[in-house]
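Computed over heavy atoms, backbone and side chain alike; hydrogens, waters and symmetry mates excluded. Here the structure is a predicted model, which is why all the values come from computation and not from measurement.
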Amino acid sequence: MDLRNANEPQKAAIMHLRGPCLVLAGPGSGKTFTITNRILYLLEQGAAPESILVITFMKEAALSMQNRFREMAAAGSRETAERSPAVHTPSYPVNFGTFHSVFYHILKESNALKSGKLLSNSEKKNLILPILKKLEHTDSGSGEENQDLNEDSVRLLSAIGYYKNTMNMSAACGKAPERWQERFEAVCREYELAVRKTGRLDFDDMLYECRKLLQENGTVRTYWQNRFRYILIDEFQDINPVQYEAVRLLASPPYNIFAVGDDDQAIYGFRGSEPECLKRFAEEFGARQHLLDVNYRSRPGIVQASLAVIGENRDRFIKQLRAASAEGDEVPVRIQAFGEKEGQYGHMLAAISSRLEMGESCAVLFRTNSYMQGFAARLKAAGIPYEMKEKVASIYEHFIVADIMAYLKVAKGEGRREHMLRIMNKPSRYISREALGAGEAGLEEMQEYYERAHLPETQRDRVKKELARFGKQLQSVKGFNLRPAISYILKAMGYEGYLKELSGGSSEKWQEWQELLAWLKEDASAYGSLEEWTAFQEGYTRSLEQNRADGKGRKEKTEEKKAEGRKVQLLTVHGSKGLEFDNVWIPDCNEKIFPHGTMPDESAVEEERRIFYVAMTRAKKSLELLYLTGTKERPRQSSRFLNPLFQGGTILP
């Protein structure tokens, strides 16, 4: 094994032989290099390969690390073979897997499974829906009630999964729909009984049941402790309490657990991960600590700026990190302010186009999928190649966009029955579905229906007045260009008020919808006619579908092919974890987006700051942080996460 390319902290971690060890690995610090070299070092020291267990969180990460190890082992074998041609090239059956695959293997090999088949999401829904109906004391109910139960079942299954990963009933209960929170424990019990009757497991049972097996069966526990003498865990900051307990039970003295992670990059709290497990491991096991403090990815300015941001968090291991590279000529981190989103978009379009022409990798990172979609449509319109690896629906399929398009089509005389059905009571105009009939009925036919309808006179007159006003408003819309037509629909026709009521007082939802409406008006202004805009929307939606199809069938590309087809990557921050790019833009660095939501508590703010830190540390050469100042009527506040950068004085505003 050749460690000439390893720095001193990496060497110290790699050559840690026995006992618990916590490796704090900053961004870009070579943790995969360290883990794979440690495996080789253990083998050189006489460890049996089958006694080494390497655990990651994602299947792709496990395969990548396994391939990296095999390449390094093969390279070492080639060097040996060149010196001694008669020596046989060895194979090393080291165990690699995700937490779920490892725990499933333990359950299976221990004969603790009645069935090896896991329950699918649809099968789990089929198990929980009868339970919900029984507890609600309803029969099949109306379509609307069934839809409510369908939506509730998804959230309840997620909350049950959260409980199985954390064993925290009160926190899991808080994630259930409000109307089910008092009965959440009963739902959990009934669901578990239903699962057991099938003899199968759901995905989260693998963790829960394995921990239970190791805890209650001493013979099984001793067998697996003897089987795996060395346990290496990547991304340890993402571990949840059930996984932590299972690992603790799987290890025996001298507790050869090699945990590699960075509490500053713990961003999966919504899945039950607890970065506190890092400190718990250090304290409970008395683990020796090593800090991989050299960032081989980012320029010094990016490292310094990201440390200034994450340094605001209180509950963390303090780390002094440094960049391996020189600074370069340009300022690597810039903060840019824009009055409105269109200015922000225009700036990014020009900057990305320039960087792509230079052959550099580019990424725009968003807090959520919903903010990503508007910019994707702008890139499409500008002809700039882009890629979205995460599964997202077209923004033009959003119900608000569909409503506005239905209004425009009906007003232009191009609407069908489904368009009228969509808008006639948004806001409520008291129009009955029966008034529309089965054909392509318009306003005149609806007026005639109410002339003949056997209804109280006051009710009939009220609807007739509403229909007359509705008709005049649609005539007005017909005479406007697209942008003023949308404004008229929102204000004069009352659609904005309808959305305000629909938001149910949720300021977060209302803000998101306002963002979408502002974007939609700006998007419409680029087109001369409804037909032209509709054609673009259809083309964009098709391109998204093609993008997804290409992603599924994509093979490994050579560097030449990558260079030929270079595209800007659009990702959520969570989707960017583990990736790096020459240039990174983070738009919408405003309150309620970073941190996400309204009035988050201190713990939530610390996780949101870690999310922002992960986004910043994806950048290699340049990082731009963009925020909106808003208008006089609707001012916007820059994110609190920018404060230490403004105060530092080294960042260009």
Side-chain angles (χ1 to χ4, degrees), residues 6-16 19-35 38 55-57 231-241 243-245 247-248 251 255-269 271-298 300 302-324 573 577-578 595 601-618 641 644:
N7 61 40
E8 289 306 313
Q10 288 173 338
K11 286 179 185 176
I14 290 165
M15 298 175 72
H16 173 90
C21 180
L22 175 60
V23 180
L24 296 168
S29 60
K31 65 182 178 65
T32 302
F33 171 86
T34 302
I35 293 171
R38 171 166 168 74
I55 306 177
T56 67
F57 281 83
I231 302 173
L232 295 82
I233 304 172
D234 188 21
E235 303 286 8
F236 196 79
Q237 75 278 353
D238 294 332
I239 202 167
N240 64 46
Q243 290 165 335
Y244 180 87
E245 287 298 325
V247 168
R248 189 176 62 79
Y255 301 111
N256 295 320
I257 302 174
F258 190 79
V260 182
D262 180 7
D263 55 330
D264 291 334
Q265 297 186 70
I267 61 173
Y268 293 108
R271 292 198 312 219
S273 300
E274 292 186 3
E276 296 84 359
C277 288
L278 277 165
K279 286 188 175 180
R280 184 178 167 191
F281 173 69
E283 293 166 2
E284 287 186 359
F285 286 87
R288 185 172 182 181
Q289 294 181 31
H290 296 282
L291 171 64
L292 304 187
D293 62 346
V294 181
N295 184 322
Y296 292 96
R297 175 188 300 154
S298 306
I302 296 170
V303 174
Q304 292 161 12
S306 59
L307 284 175
V309 170
I310 199 63
E312 301 279 297
N313 274 7
R314 296 177 182 177
D315 187 15
R316 61 185 289 264
F317 286 96
I318 304 300
K319 308 173 193 72
Q320 295 299 321
L321 307 178
R322 56 193 173 91
V573 181
K577 186 86 183 302
D601 60 27
E602 187 175 344
S603 175
V605 169
E606 293 221 342
E607 171 140 341
E608 288 289 322
R609 189 176 281 111
R610 293 194 295 268
I611 291 170
F612 196 69
Y613 174 74
V614 166
M616 293 177 72
T617 55
R618 300 309 95 197
F641 301 155

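When only modelled atom types and interatomic distance are considered, E235 and Q237 share a side-chain donor-acceptor pair under 3.5 Å. No side-chain N or O of Y613 forms a donor-acceptor pair with one of E312 less than 3.5 Å apart.
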With side-chain contact (heavy atoms from CB on, under 4.5 Å) as the test, would you mind laying out the steps for V23 and Q289 before giving the verdict? CA-CA 6 Å; V23 180; Q289 294 181 31; over 6 Å; no
Is there a side-chain contact (heavy atoms from CB on, under 4.5 Å) between L292 and L24? Walk through the geometry before answering. CA-CA 6 Å; L292 304 187; L24 296 168; over 6 Å; no
side-chain contact (heavy atoms from CB on, under 4.5 Å) for Y268 and E607? Distances and angles first, verdict last. CA-CA 8 Å; Y268 293 108; E607 171 140 341; 5.6 Å; no
Apply side-chain contact (heavy atoms from CB on, under 4.5 Å) to residues F641 and V605 and explain how you reach the verdict. CA-CA 10 Å; F641 301 155; V605 169; 4.2 Å; yes
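Across all non-hydrogen atoms, the minimal contact from D238 to A266 is OD1-CA, 4.1 Å. Across V260 and K31, no two heavy atoms sit closer than the pair CG1-CB, 3.8 Å. Residue D262 comes nearest to K319 through the heavy atom pair OD1-CE, 3.3 Å, listed as atom of the first residue, atom of the second, then distance. Of all heavy-atom pairs spanning R316 and N313, the tightest one is CD-O, 3.3 Å. Nearest approach of P644 to V309, heavy atoms of both residues: CG-CA, 4.0 Å.
The residue from D264, D263, L291 that alone fulfils the side-chain contact (heavy atoms from CB on, under 4.5 Å) condition with F317 is D263.
Aromatic ring orientation, F285 versus Y244: perpendicular (interplanar angle above 60°, classes split at 30° and 60°).
A salt bridge links E245 to R280: one of the charged nitrogens lies within less than 4.0 Å of a carboxylate oxygen.
Remark: side-chain polar atoms of Q10 are paired, donor with acceptor, to backbone N or O of N7 under 3.5 angstrom.
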